[in-house]
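Have a look at the structure below, then the notes.
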Amino acid sequence: MMCAGLTMSEQQGIKEMARKTVPQLIASAGYPVEKHRVTTEDGYILQLHRIPAGRRIARRIGPSSKKKKAVLVVSGLLGSSGDFVIMGPERSLAYLLADEGYDVWLGNLRGDIYTSHTNYTRNNPKFWEYSFHEHGIYDLPASIDKVLEVTGLPKIMYIGFSMGTTSFFITLSEKPEYNDKVLAYMALAPAVYMRNVKNTAETLLLNWKLPDRMRERGLLSATIPRDLLEMFVTNMCYVKKPQMDVCTSFIYSVIGEDQEQYDWDMMAIIIMRLQPASWRQLEHFGKIALTDTFTSWEGGLKGAVKPYKLSNVKIPVSLFYGHNDRLTQKSQIMRLADELNATGVLEDFLPACDWPKFNHLDFVFAKDVGTLLNEKLVDYIGKMFSKYG
């Protein structure tokens with residue numbers, strides 16, 4: 001029996017892989033894994049996933065484990081800790097770092113399936129009243145403190161991708177004391193200035209009023225139920241048939257075309273693992289695009305513009321861009337680089353790799369992400385630890 005070009009056994013295999021938890025993925029890859037929980041000041045419970053050692057390194061226990069260098073890695077919008085392990089041991093950043101001897105911590109921000117709240121269920125509208133501002137002032141500080149508490153280290157390194165960078169720039173801007181807890185900051189496809197998506201923001205937020213209309217229809221968050229998502233993927237995302245793949249066409253229209261690095265065997269799984277987001281996250285990005293300012297959400301979409309204080313960033317920051325990234329364009333990241341350079345904290349502004357089609361999602365899901373980016377990034381991280389550690 002065939003459906004959307006996939007046999008029943010192929011469909012089942014994709015669904016099983018898509019439904020595995022991050023700890024299950026890590027364990028099945030042969031790595032040690034730990035789950036840690038932390039509660040934020042405003043009541044959100046976050047799960048952190050730790051890979052304390054690589055496959056070929058004996059797991060250290062007791063005081064010796066505290067001597068390892070720790071890295072906290074945080075994903076972007078619609079992502080989770082799974083983004084940094086889903087491509088497997090030879091490609092994903094978390095595994096390469098663990099094999100290199102680092103103590104790897106994968107963060108989760110409020111809203112994804114590895115988070116909850118002490119008082120609100122996901123069916124309560126109050127659960128979804130947040131943007132990445134709250135990620136920055138609550139979630140990341142709590143996560144960093146948890147890593148420092150468990151490891152006993154004075155400082156860690158932070159690696160963020162896309163919204164994971166947006167949130168951490170807010171942390172450093174609004175809670176500058178966290179500059180003292182982080183050694184250096186690797187920002188992959190940083191989403192801080194977004195003038196290039198202003199027209200899209202105008203259409204979706206001002207003309208169509210999409211989030212408001214969704215809320216009126218009872219949709220509390222930007223979430224697609226798993227069964228509907230699986231149905232869509234198996235019927236519309238035609239594996240290894242690019243001319244018929246609706247998913248590919250839509251994704252490339254947003255982030256930039258890169259057929260060569262599109263992993264046909266993995267993309268259905270990746271799409272099925274998309275995480276929920278709050279409407280306010282999308283609205284906050286829209287406000288930044290519409291005002292052409294890295295501004296807080298305070299006052300709402302049409303409220304006052306209150307820029308975050310990037311001058312409060314005091315740690316070395318390395319910015320990585322993709323040559324063909326339409327979402328976080330090089331020109332906008334260059335603007336951020338100029339601002340950080342003016343205050344003396346810019347360490348590097350450099351391409352993720354030489355591949356001219358490298359787009360936004362290639363940072364985590366490119367077919368050759370291991371050789372194009374992550375192996376070199378691990379070497380770069382080692383140099384940063386040597387320089388500042």
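As the structure is a prediction and not an experimental result, all values here were calculated from the model. By convention here, the first residue in the shown sequence is residue 1.
- Within the 3.5 Å criterion, the main-chain N or O of Pro89 finds no donor-acceptor partner in the side chain of Ser92.
- The backbone N or O of Pro32 sits nowhere less than 3.5 Å from a side-chain atom of Arg55 that would complete a donor-acceptor pair.
- Here the closest heavy-atom approach between residue Asp42 and residue Thr40 is recorded as OD1-OG1, 2.6 Å.
- Shown here is Glu202, whose CD atom has more than 12 heavy atoms of other residues, nucleotides or ligands within 6.0 Å.
- Summarising the local packing, CD1 of Ile45 is surrounded by more than 12 heavy atoms from other residues, nucleotides or ligands at distances under 6.0 Å.
- Between Ala189 and Thr328, the closest heavy-atom pair is CB-OG1, 3.4 Å.
- Ion pairing of Asp292 with Arg335 is present here, as a side-chain N (NZ or NE/NH1/NH2) and a carboxylate O approach within less than 4.0 Å.
- Between Ile251 and Leu361 there is a side-chain heavy-atom pair separated by less than 4.5 Å.
- Shown here is Tyr388, whose OH atom has more than 12 heavy atoms of other residues, nucleotides or ligands within 6.0 Å.
- Between the side chain of Asp263 and the backbone N or O of Lys367 there is no donor-acceptor pair closer than 3.5 Å.
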Could you give me the CA-CA distance, side-chain angles and deciding distance for Glu129 and Arg280, then say whether side-chain contact (heavy atoms from CB on, under 4.5 Å) is met?
-> CA-CA 7 Å; Glu129 291 180 358; Arg280 191 177 295 177; 3.9 Å; yes
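- Side-chain N/O atoms of Tyr262 and Glu257 include no donor and acceptor closer than 3.5 Å.
- Residue Asn324 holds its CG atom at 7.0 Å from CG of Asp258, rounded to the nearest 0.5 Å.
- Put simply, the residue from Leu372, Leu373, Asp368 that forms a side-chain contact (heavy atoms from CB on, under 4.5 Å) with Trp355 is Leu372.
- Shown here for Pro190 and Thr165, the closest heavy-atom pair between the two residues is CA-OG1, 3.1 Å.
- Between Val317 and Glu347, the closest side-chain pair of non-hydrogen atoms is not below 4.5 Å.
- At least one donor-acceptor pair closer than 3.5 Å links the side chain of Thr295 to the backbone N or O of Lys306.
- No side-chain donor-acceptor contact under 3.5 Å links Glu34 to the backbone of His49.
- Looking only at side-chain heavy atoms (C-beta outward), Leu46 and Asp139 come within less than 4.5 Å of each other.
- With ring centers used as reference points, Phe84 lies 6.0 Å or more from Phe161.
- Using bins of under 30°, 30° to 60° and over 60° for the plane-to-plane angle, the ring pair Tyr185/Phe168 lands in the perpendicular bin.
- Criterion: ILVMFWY side-chain heavy atoms under 4.5 Å apart, direct or through other members. Under it, Met267 and Met17 are part of a common hydrophobic cluster.
- Under a 3.5 Å cut-off, the side chain of Gln332 and the backbone N or O of Gln329 do not form any donor-acceptor pair.
- Going from atom CG of Leu109 over to atom OG of Ser80 covers 10.0 Å, rounded to the nearest 0.5 Å.
- Distance CG/Asp325 to CZ/Phe363: 6.0 Å, rounded to 0.5 Å.
- Residue Lys146 holds its NZ atom at 13.5 Å from CG of Leu72, rounded to the nearest 0.5 Å.
- The side-chain heavy atoms of Val313 and Thr343, taken from C-beta on, include no pair separated by under 4.5 Å.
- Arg110 places no side-chain N or O within donor-acceptor distance of the main-chain N or O of His135, the cut-off being under 3.5 Å.
- Under 4.0 Å is where a charged nitrogen must lie from a carboxylate oxygen, and between Lys181 and Glu149 no such pair does.
- Asn374 places a side-chain N or O within 3.5 Å of a backbone atom of Arg91 that can act as its donor or acceptor partner.
- At a threshold of 4.0 Å, the pair Glu283-Arg215 counts as salt-bridged, since one of the basic side-chain nitrogens sits closer than that to a carboxylate oxygen.
- Annotation: side chain of Arg37 is not in contact with side chain of Leu48 (no heavy-atom distance under 4.5 Å).
- Aromatic pair Phe358/Tyr321: centroids not less than 6.0 angstrom apart.
- For the 3.5 Å distance criterion, the side chains of Thr121 and Asn123 fail to qualify, holding no donor opposite an acceptor.
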Taking it one step at a time, do Leu93 and Ile159 satisfy side-chain contact (heavy atoms from CB on, under 4.5 Å)?
-> CA-CA 10 Å; Leu93 180 60; Ile159 304 172; 4.3 Å; yes
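- Thr115 and Asn108 share no side-chain donor-acceptor pair at under 3.5 Å.
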Under the side-chain contact (heavy atoms from CB on, under 4.5 Å) criterion, do Ile170 and Ile137 qualify, and how do the steps go?
-> CA-CA 7 Å; Ile170 292 172; Ile137 64 171; 4.2 Å; yes
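- For the residue pair Asp145/Tyr178, the side-chain donor-acceptor check at 3.5 Å is satisfied.
- In this structure, Leu25 and Ile86 have side chains that are in contact, with non-hydrogen atoms separated by less than 4.5 Å.
- Pairing each heavy atom of Lys287 with each of Ala304, the nearest pair is NZ-O, 3.1 Å.
- In this structure, the ring of Tyr95 has its center less than 6.0 angstrom from the ring center of Tyr31.
- Side-chain contact between Tyr252 and Gln259 is present, with at least one heavy-atom pair separated by less than 4.5 Å.
- In the displayed structure, Lys198 atom NZ is contacted under 6.0 Å by at most 12 heavy atoms of other residues, nucleotides or ligands.
- Checking side-chain atoms of Thr171 against main-chain N and O of Gly136 turns up a donor-acceptor pair under 3.5 Å.
- Scanning all heavy atoms of the two residues, the minimum distance from Pro141 to Lys175 falls at CG-CD, 3.7 Å.
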Do Lys309 and Glu339 pass the salt bridge (charged side-chain N to carboxylate O under 4.0 Å, His left out) test, and can you show the C-alpha distance, the side-chain angles, and the key distance before you say yes or no?
-> CA-CA 11 Å; Lys309 296 179 181 179; Glu339 192 166 346; over 6 Å; no
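- Taking all atoms of both residues into account, the shortest heavy-atom contact from Ala70 to Thr151 is CB-CG2, 4.5 Å.
- Under the 6.0 Å cut-off for aromatic ring centres, Tyr138 and Tyr130 do not qualify, their centroids lying 6.0 Å or more apart.
- Ring centroids of Tyr120 and Tyr44 are separated by 6.0 Å or more, keeping the two rings apart.
- Atom CG of Asp354 is surrounded by 12 or fewer heavy atoms from other residues, nucleotides or ligands within 6.0 Å.
- Aromatic ring centres of Tyr380 and Phe320: separated by under 6.0 Å.
- At a threshold of 4.5 Å between side-chain heavy atoms, the hydrophobic network of Ile, Leu, Val, Met, Phe, Trp and Tyr places Leu206 and Val305 in two separate groups.
- Hydrophobic clustering places Ile224 together with Phe127 (ILVMFWY residues linked when any side-chain heavy atoms are closer than 4.5 Å, directly or through intermediates).
- Under the 3.5 Å distance criterion, the side-chain polar atoms of Glu134 are matched with a main-chain donor or acceptor of Ser131.
- Atom-to-atom distance recorded for Arg273:CZ and Gln275:CD is 7.5 Å, nearest 0.5 angstrom.
- The shortest distance between side-chain heavy atoms of Arg50 and Asp103 falls below 4.5 Å.
- To the nearest 0.5 Å, atom CZ of residue Phe285 and atom CG of residue Leu205 are 12.0 Å apart.
- In terms of hydrophobic clustering, with Ile, Leu, Val, Met, Phe, Trp and Tyr side chains grouped at heavy-atom distances under 4.5 Å, Tyr158 and Val378 are assigned to a common cluster.
- Looking only at atom types and distance, the side chain of His133 has a donor-acceptor partner in the side chain of Tyr308 under 3.5 Å away.
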